Structure formats: structure tokens, C-alpha cells
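Just below is one structure, and these are the notes that go with it.
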Amino acid sequence: MSAFPCSDDVLPESVAVLPLPEVADRLGLVVTRVHQMLRDHQLLAVRRDGVVSVPERFFDTEGVVRFLPGLITVMKDAKYTDEEILEWIFTEDDSLPGTPVDALHGPLAREVIRRAAADPF
């Protein structure tokens with residue numbers, strides 16, 4: 001089994017993150033399944049203070065935010081690195097308003113994916 005991807009921590013310090021065992025608990029999965037989700041680009045992780053973690057905003061009460069895996073796929077297909085994707089997802093955008101990750105939690109989720117497909121940066 002190959003190692004799972006983990007990015008440099010390019011997130012603002014204010015972004016809360018969850019260590020992988022907490023992600024597994026939240027999703028009701030074993031941690032190795034979370035590793036597979038990272039390899040499959042359904043989630044992105046960063047190493048913060050030596051601990052591999054996933055941004056808490058990637059989850060809602062149902063689990064992984066519905067449109068997040070699709071957004072990651074669109075951006076990966078456009079050749080963006082995980083770090084660039086994370087930076088874009090957590091960058092304030094007054095036209096949304098808020099950040100793209102905030103918009104994924106509401107009615108603007110499809111607009112976020114449309115913008116990512118068009119040219120996020």
C-alpha cells in the first residue's frame with residue numbers, strides 16, 4: 001500500500017484541522033479508509049505541528065461536504081497542486097461572499113465548482 005498525500009500547511013492559522021484518527025471517528029471509518037480517501041483525492045490533508053490533519057470545514061453533519069471531492073477533482077484535472085487547491089479554497093472572495101469552502105456549505109456550491117473549472121487563479 002502506498003503512502004497517502006499530505007501537503008505543506010498553507011492554511012491560515014485560524015483554520016481548524018482534525019487529526020486523521022478524529023476524521024475517521026467523525027466519518028465512522030477506520031483510519032486506513034481515510035488514508036485511501038486522501039489517495040483518491042476525496043480529501044486533502046496538511047501536516048500541522050507534525051500531525052497530519054484535515055481541515056474541519058471539509059465536513060458537515062452528514063460527513064464530507066457533498067461537493068468537495070468534485071471540486072478537488074476539477075482542480076486536480078486542471079493541474080493544480082494540493083497546496084494551490086487548499087490556498088484557493090480558503091482564500092476570501094467577496095463575490096461569494098466568504099471563502100469557497102464556506103460556499104460549499106450552501107447554495108453557492110455549484111458556483112464554486114464552475115469558477116474552479118473556469119480558472120480559479
Side-chain angles (χ1 to χ4, degrees):
M1 183 178 294
S2 63
F4 55 87
C6 177
S7 299
D8 293 332
D9 188 1
V10 295
L11 303 173
E13 283 295 317
S14 61
V15 173
V17 294
L18 300 171
L20 297 188
E22 285 185 40
V23 171
D25 286 345
R26 181 175 272 200
L27 297 175
L29 303 170
V30 295
V31 75
T32 55
R33 177 65 183 113
V34 175
H35 296 171
Q36 187 62 47
M37 292 174 77
L38 291 167
R39 281 191 292 275
D40 293 343
H41 305 293
Q42 295 175 341
L43 290 173
L44 297 174
V46 298
R47 186 176 304 278
R48 182 174 281 178
D49 299 326
V51 178
V52 178
S53 304
V54 175
E56 188 172 23
R57 291 293 291 155
F58 285 177
F59 305 97
D60 60 18
T61 57
E62 305 296 315
V64 176
V65 173
R66 179 177 172 200
F67 292 102
L68 179 67
L71 175 62
I72 293 170
T73 297
V74 164
M75 294 185 78
K76 293 293 277 184
D77 287 351
K79 306 294 185 219
Y80 288 96
T81 66
D82 290 353
E83 289 84 1
E84 290 170 330
I85 295 169
L86 287 164
E87 287 174 350
W88 185 77
I89 289 174
F90 286 95
T91 297
E92 288 288 327
D93 184 337
D94 293 335
S95 68
L96 285 174
T99 63
V101 75
D102 294 334
L104 288 177
H105 288 267
L108 295 174
R110 291 184 194 275
E111 173 64 13
V112 169
I113 293 175
R114 186 198 65 73
R115 291 180 187 194
D119 187 27
F121 291 108

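Please read all numbers here as calculations on a predicted model, not as lab measurements.
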Item to check | Step-by-step side chain to side chain contact (heavy atoms under 4.5 Å, CB included) determination, V74 to F67 | outcome: CA-CA 11 Å; V74 164; F67 292 102; over 6 Å; no

Exercise. Do R47 and S7 touch side chain to side chain, with heavy atoms closer than 4.5 Å?
Worked result: no

What's the verdict on side chain to side chain contact (heavy atoms under 4.5 Å, CB included) for I89 and F58, showing C-alpha distance, side-chain angles and the deciding distance? CA-CA 10 Å; I89 289 174; F58 285 177; 4.2 Å; yes

For P69 and V65, the nearest pair of non-hydrogen atoms, with its separation, is CD-O, 3.6 Å

- [ ] May I ask you to decide if L20's main-chain N or O and H35's side chain share a donor-acceptor pair within less than 3.5 Å?
- [x] no

Between Q42 and V64, the two heavy atoms sitting closest are O-CG1, 4.3 Å

Shortest non-hydrogen pair, T99 vs E92, comes out as CG2-OE2, 3.5 Å

Residues P55 and F90: closest non-hydrogen pair is CB-CZ, 3.6 Å

Can you find a pair of side-chain heavy atoms, one from K76 and one from D82, that are under 4.5 Å apart?
yes

dist E83:CD -> D9:CG (nearest 0.5 Å) comes out at 10.0 Å

To the nearest 0.5 Å, atom CD1 of I85 lies from atom CD of E87 at 10.5 Å

Within the side chain of D8, is there an N or O that forms a donor-acceptor pair under 3.5 Å with the backbone of V10? no

Requested in this report: Please confirm whether the backbone N or O of P19 pairs with a side-chain atom of E22, one donor and one acceptor, at under 3.5 Å?
Outcome: no

TODO: Walk me through it: do L43 and F59 pass the test side chain to side chain contact (heavy atoms under 4.5 Å, CB included)?
DONE: CA-CA 10 Å; L43 290 173; F59 305 97; 4.3 Å; yes

**Asked** When you look at CZ of R33, are more than 12 heavy atoms from neighbouring residues, nucleotides or ligands closer to it than 6.0 Å?
**Response** yes

* **Audit row: M75, H41, side chain to side chain contact (heavy atoms under 4.5 Å, CB included) steps and yes/no** => CA-CA 11 Å; M75 294 185 78; H41 305 293; over 6 Å; no

Output for pair (E84 CD, K79 NZ), nearest 0.5 Å, gives 12.5 Å

For this session: Please examine the side chains of R26 and L18, heavy atoms only from C-beta on, and report whether any two atoms are closer than 4.5 Å.
Result: yes

L11 and V17 have their tightest heavy-atom pair at CD1-CG1, 4.1 Å

| query | Does V46 reach the side chain of L86, with side-chain heavy atoms less than 4.5 Å apart? | reply | yes

CD1 (I113) and CG (L108) are apart, to the nearest 0.5 Å, by 11.5 Å

Validation row: V112, D93 side chains within 4.5 angstrom (heavy atoms):
no

Taking C-beta and beyond as the side chain, do M37 and L27 meet within less than 4.5 Å on heavy atoms?
yes

**Item:** SB check E111 R115 (cutoff 4.0 Å)
**Value:** yes

Practice task
May I ask you to decide if G63's main-chain N or O and D60's side chain share a donor-acceptor pair within less than 3.5 Å?
Solution key: yes

